[in-house]
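Working notes, structure below.
Values reported hereafter were calculated over all heavy atoms of this structure, with side chains retained and with hydrogens, waters and symmetry mates removed. Chain letters run A, B, ... following the sequence lines, proteins first, then strands; residues in each count from 1.
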Number of protein chains: 2
Amino acid sequence: MCQSGGVVSIGGTASTTAVLRVMNERAVFAEIFKLGKVSRPELAQATGLSKPTISMALTDLERARLVRPVGLRTGSTGRAALLYEIRPQAGWVLAVDVGREFVRLALADLVGDIAARRDEHRKGGETPDELVAWLGGLTRELVDEAGAALGDITLTVFGTPGIHDKETGSLQLAPNLPGWDRPGAIELLAGVAADAPYVVENDVDLAAVGEGAYGLGQGVDHFALVWIGTGIGMGVVIDGKLYRGAQGAAGEISYLPVGEGDPLVNRGRGMLESVASADGVVALATRLGMKGVTSAKDVFDAARAADPVACRVVATEADHIAHALAGVIAVLDPQLVVLGGGIGVQAGDLLIGPVTDCLRDLVALRVPMIKASTLGTEAVLLGAMAVGLTTARDLVFERAVAQVPPD
Amino acid sequence: MCQSGGVVSIGGTASTTAVLRVMNERAVFAEIFKLGKVSRPELAQATGLSKPTISMALTDLERARLVRPVGLRTGSTGRAALLYEIRPQAGWVLAVDVGREFVRLALADLVGDIAARRDEHRKGGETPDELVAWLGGLTRELVDEAGAALGDITLTVFGTPGIHDKETGSLQLAPNLPGWDRPGAIELLAGVAADAPYVVENDVDLAAVGEGAYGLGQGVDHFALVWIGTGIGMGVVIDGKLYRGAQGAAGEISYLPVGEGDPLVNRGRGMLESVASADGVVALATRLGMKGVTSAKDVFDAARAADPVACRVVATEADHIAHALAGVIAVLDPQLVVLGGGIGVQAGDLLIGPVTDCLRDLVALRVPMIKASTLGTEAVLLGAMAVGLTTARDLVFERAVAQVPPD
DNA sequence: CCCATTTGGCAAGGTCTCTTACAAAGTTCC
DNA sequence: GGAACTTTGTAAGAGACCTTGCCAAATGGG
């Protein structure tokens with residue numbers, strides 16, 4: 001609606017016939033991704049281009065080693081059609097989830113199939129250099145296992161807690177990753193995968209992307225993933241795209257002024273986080289007199305067994321979450337809110353009902369759907385893959401078209 | 001990042017040479033908007049196209065009556081260049097701000113110059129039919145004044161309170177516009193400007209667009225306009241575009257759970273709204289013992305004269321606003337927050353300092369800039385104009401290119 | 001008054017895509 | 001098993017677009 005430079009302006013990029021060809025090849029490439037194994041006539045149908053043009057594009061794409069023929073489709077009447085598909089080895093994406101207790105890595109080919117993966121327990125407290133060396137070793141194992149080479153990796157996507165400050169190249173608000181708040185620390189990550197391009201993204205943001213690509217957010221334009229576990233965060237998807245905010249801090253709802261308590265008391269932790277996170281649940285249960293509670297799961301199990309105190313804790317938790325969501329919904333008006341993270345996944349069945357009920361009193365219009373994530377602990381890794389795949393597909397095409405135009 | 005149908009996909013639209021021409025003409029058209037009076041060589045430079053192509057595009061655009069020559073640029077060495085500009089009469093935009101006490105109308109030509117406008121006092125309580133008839137009459141006056149015809153209006157943009165529910169064609173949450181909550185009522189607005197296309201947008205959303213096009217939001221990608229007056233609302237601009245939300249209710253922050261008070265007590269009004277709006281300020285001042293206070297302005301004037309009670313009211317108001325903004329900032333992480341509406345404009349000088357200070361204790365990272373709107377009561381009308389102009393420019397081009405391709 | 005400089009127009013050439021036509025390779029039916 | 005039919009793939013010709021290169025026109029300065 002508005003543009004820099006004062007007033008509004010319509011878009012439009014000038015082009016010549018040469019870029020027309022690139023555009024069409026890109027369209028064919030994208031269509032093959034969408035349709036899988038596909039014949040020339042089907043591509044002509046899908047893109048609106050003529051058969052000869054499709055043939056031209058395919059020979060170019062095949063010479064660039066982006067697609068390959070995979071046999072004939074026979075059975076129906078008429079001549080058998082030669083089928084084409086994306087060449088999976090045309091690109092590799094390394095997805096890395098650097099969590100509090102685990103690191104998870106997945107190496108996926110360009111069509112998104114995971115060729116190799118690892119889940120490793122963290123000792124905790126590793127220095128940045130140690131962590132990078134460790135991840136680098138795991139990456140080499142994965143690459144070997146997949147039958148690829150380290151240099152084949154098109155793009156690496158790291159999911160980490162905290163906020164990636166691009167100006168200083170450091171990680172803010174990530175107490176579980178000591179040493180990464182040093183200016184320039186992020187650049188160390190280039191060493192994990194042989195200086196391939198890499199992206200660092202907030203873990204909860206990636207979980208939201210994962211939810212949009214593989215989970216409940218599929219086909220939903222605007223939704224939010226609220227992550228409730230040891231910490232609290234939110235990933236926002238708007239118009240099908242991850243929204244990061246001006247500083248990359250969109251969705252940092254741990255600081256929402258919710259629940260009783262002086263804001264100044266809980267400085268540095270965030271008000272919502274201190275009352276609604278896993279620790280908050282345990283603390284409240286203990287305060288109300290439950291014995292032997294060490295984890296939030298204990299409380300939820302007790303609530304499922306109809307323990308009256310545990311039920312009160314769950315009700316309070318639902319109330320806190322609902323009040324936080326009321327703010328989110330008022331600002332964003334999403335179509336869907338997904339609850340993820342340890343508490344969201346484990347206790348989704350207990351919470352969704354009371355949260356939704358409570359929201360009816362707090363929200364002006366219709367309450368959006370509230371659902372519990374189905375991706376579990378995979379959400380961040382899948383989100384990293386999804387981000388990596390979209391970017392890698394562009395990168396691979398760009399590179400191929402830039403290098404192979406002659407002849 | 002994610003698409004319906006399962007997984008991510010790169011874009012790309014297939015095209016033929018014919019659409020190439022349209023693309024280039026659109027690019028030239030857009031460039032003339034950006035540069036104003038401009039010569040052929042300048043357009044060639046700006047678009048990257050060659051001189052003959054520019055000439056071709058210009059003859060087409062001139063034949064479509066979208067641009068016109070405006071004389072020669074002489075003075076420098078070399079042959080004088082023939083300058084072209086947008087033909088202002090190629091399109092007209094009618095902007096209408098239907099407020100609580102006033103209606104404001106502006107008729108702008110395609111380059112955005114206001115050719116005629118009206119500010120009229122509302123009697124209040126008009127039926128939809130009466131309102132439409134009144135607006136229709138005013139529109140005819142404007143059109144006459146501008147030397148245009150009613151059929152020349154390319155697009156009408158209405159700014160109203162409430163939420164335009166497109167499914168039922170009615171207006172929700174707009175108590176000041178009785179009768180417009182009836183299903184299909186919105187369609188009556190087509191009668192204002194002879195069945196020209198029209199758009200109905202929330203007034204605060206339009207104010208945000210106006211701020212982005214003509215005010216403090218120029219060149220800012222992500223910002224929010226918080227409107228504080230008789231009611232409270234917010235317009236959200238993300239990636240330079242207005243964000244409406246799934247139901248068109250994004251930014252309905254009047255229901256934020258802020259301030260003391262039972263949520264159930266203030267149902268239907270919104271908690272934030274009841275404490276922070278103009279009425280809330282007056283109520284608080286009276287409760288604290290101020291005499292003869294009838295409007296929020298009285299309180300702010302007294303505060304400027306260092307009245308201690310008024311100062312306390314202002315401090316409380318700042319505190320409420322800051323708490324609301326804390327939620328907005330946590331969710332959206334905007335680069336800038338603009339305070340608009342009666343209170344935002346009148347008392348911006350008093351509020352911005354304390355609000356910013358208070359936010360430092362409530363926000364995780366850097367506090368975004370907080371500024372008071374400079375557009376005053378014009379914001380909604382200017383936003384309607386901005387929305388209308390972008391859309392009208394596309395419409396006019398589309399129409400011209402669709403009609404004049406032969407020869 | 002002549003020259004350097006810039007602008008505008010025209011013709012030729014190259015690239016892209018589409019349409020049309022035809023050859024190639026299956027299936028169906030007798 | 002073979003003929004007819006249907007679908008696929010390729011080749012040639014034509015149309016549309018943009019660009020390069022060249023020349024005429026117009027303006028200011030010396």
Side-chain angles (χ1 to χ4, degrees), chain A residues 12-28 31-32 35 37-63 67-84 401 404-407, chain B residues 12-28 31-32 35 37-63 67-84 401 404-407:
Chain A
T13 321
S15 307
T16 168
T17 52
V19 324
L20 191 61
R21 180 154 200 174
V22 175
M23 284 174 54
N24 286 343
E25 287 187 9
R26 166 174 274 125
V28 170
E31 210 63 40
I32 301 178
L35 300 176
K37 294 181 185 179
V38 64
S39 71
R40 270 180 259 243
E42 286 165 349
L43 285 172
Q45 174 81 29
T47 59
L49 298 170
S50 67
K51 285 188 293 174
T53 305
I54 297 292
S55 289
M56 282 286 238
L58 282 178
T59 53
D60 275 9
L61 290 172
E62 193 180 347
R63 190 171 45 219
V67 306
R68 66 181 181 194
V70 275
L72 302 167
R73 164 145 56 219
T74 175
S76 68
T77 174
R79 175 175 174 175
L82 183 55
L83 299 179
Y84 281 84
V401 169
V404 195
D407 189 4
Chain B
T13 321
S15 307
T16 170
T17 51
V19 325
L20 193 60
R21 178 152 201 177
V22 175
M23 283 173 54
N24 287 342
E25 286 186 9
R26 167 175 274 123
V28 171
E31 210 61 40
I32 303 177
L35 300 176
K37 294 182 185 178
V38 64
S39 72
R40 269 182 262 242
E42 285 164 350
L43 284 172
Q45 173 81 29
T47 59
L49 297 170
S50 66
K51 286 187 296 173
T53 306
I54 296 293
S55 290
M56 282 285 237
L58 282 177
T59 53
D60 275 10
L61 290 172
E62 193 180 347
R63 190 171 48 219
V67 305
R68 67 180 182 195
V70 274
L72 302 167
R73 163 143 55 218
T74 175
S76 68
T77 171
R79 177 174 172 177
L82 183 54
L83 298 178
Y84 281 83
V401 170
V404 195
D407 186 6

Report task. Could you say whether Arg21(A) or Gly78(B) is positioned toward the 5' end of DNA chain C, judged by the nucleotide with the nearest heavy atom to each? Result ->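 Per heavy-atom nearest nucleotide, the more 5' residue is Gly78(B).
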
Return the value, rounded to whole Å, for the distance between atom [atom1] of [X] and atom [atom2] of [N].
X: Arg40(B); N: dA25(D); atom1: CZ; atom2: P; result: 16 Å
X: Glu25(B); N: dC18(D); atom1: CD; atom2: C1'; result: 13 Å
X: Leu20(A); N: dT19(D); atom1: CG; atom2: P; result: 13 Å
X: Leu43(A); N: dG9(D); atom1: CG; atom2: P; result: 10 Å

Report task. State the CD1-CD distance between Ile54(B) and Glu25(B), to the nearest 0.5 angstrom. Result ->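 With rounding to 0.5 Å, CD1 (Ile54(B)) is 10.5 Å from CD (Glu25(B)).
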
Query - Separation between CZ of Arg68(B) and CD1 of Ile32(B), rounded to the nearest 0.5 Å - result: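 Rounded to the nearest 0.5 Å, the CZ-CD1 separation comes out at 12.0 Å.
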
Report task. Would you classify Ser39(A) as touching base, sugar-phosphate or nothing, given that sugar-phosphate means primed atoms plus P, OP1 and OP2, and contacts are heavy atoms under 4.0 Å? Result ->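 Answer is nothing: Ser39(A) stays at 4.0 Å or more from every strand.
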
Result block: side-chain N/O donor-acceptor pairs under 3.5 angstrom for residues 43-50 of chain B, not counting sequence neighbours:
{"from": "Thr47(B)", "atom 1": "OG1", "to": "Leu43(B)", "atom 2": "O", "distance (Å)": "2.8"}
{"from": "Thr47(B)", "atom 1": "OG1", "to": "Leu49(B)", "atom 2": "N", "distance (Å)": "3.2"}
{"from": "Ser50(B)", "atom 1": "OG", "to": "Thr53(B)", "atom 2": "OG1", "distance (Å)": "3.0"}

**Report entry** Heavy-atom check, side chain of Arg21(B) versus side chain of Asp60(B), under 4.5 Å
**Finding:**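 The answer is yes, as the side chains (C-beta and beyond) meet within the 4.5 Å cut-off.
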
Query raised in the report: Heavy-atom distance under 4.5 Å between the side chains of Asn24(B) and Leu20(B), does that happen here?
Result: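 SC-SC contact between Asn24(B) and Leu20(B) confirmed.
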
Report task. Considering only heavy atoms of chain A and a distance under 4.0 Å, specify the first and last nucleotide of DNA chain C in 5' to 3' order that meet this criterion. Result ->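 Nucleotide range in contact with chain A: dC16(C) to dT27(C).
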
Requested in this report: Please step through side chain to side chain contact (heavy atoms under 4.5 Å, CB included) for the pair Leu58(A) and Arg40(A), ending with a clear verdict.
Outcome: CA-CA 8 Å; Leu58(A) 282 178; Arg40(A) 270 180 259 243; 3.5 Å; yes

Can you list the residues that meet the side-chain contact (heavy atoms from CB on, under 4.5 Å) rule with [X], with sequence neighbours excluded?
X: Pro69(B); result: Glu62(B), Leu82(B), Tyr84(B)
X: Thr16(A); result: Ala18(A), Val19(A)
X: Lys37(A); result: Val70(A), Leu83(A), Glu85(A)

**Report entry** Candidates dT6(D), dC17(D), dC18(D) - which lies nearest the side chain of Thr17(B)
**Finding:**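 Given the options dT6(D), dC17(D), dC18(D), the side chain of Thr17(B) is closest to dC17(D).
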
Requested in this report: Assess whether one donor atom and one acceptor atom, taken from the side chain of Arg79(B) and the base of dT27(D), lie less than 3.5 Å apart.
Outcome: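 Side chain to base: no pair below 3.5 Å.
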
Query raised in the report: Within less than 4.0 Å of OP1 or OP2 of dT7(D), is there a side-chain N or O belonging to Ser76(A)?
Result: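 So the side chain of Ser76(A) is outside the cut-off, no N or O lying under 4.0 Å from OP1 or OP2 of dT7(D).
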
**Report entry** Contact residues, residues 45-56 of chain A to DNA chain D [heavy atom, < 4.0 Å]
**Finding:**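 By residue number: Lys51(A), Pro52(A), Ser55(A).
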
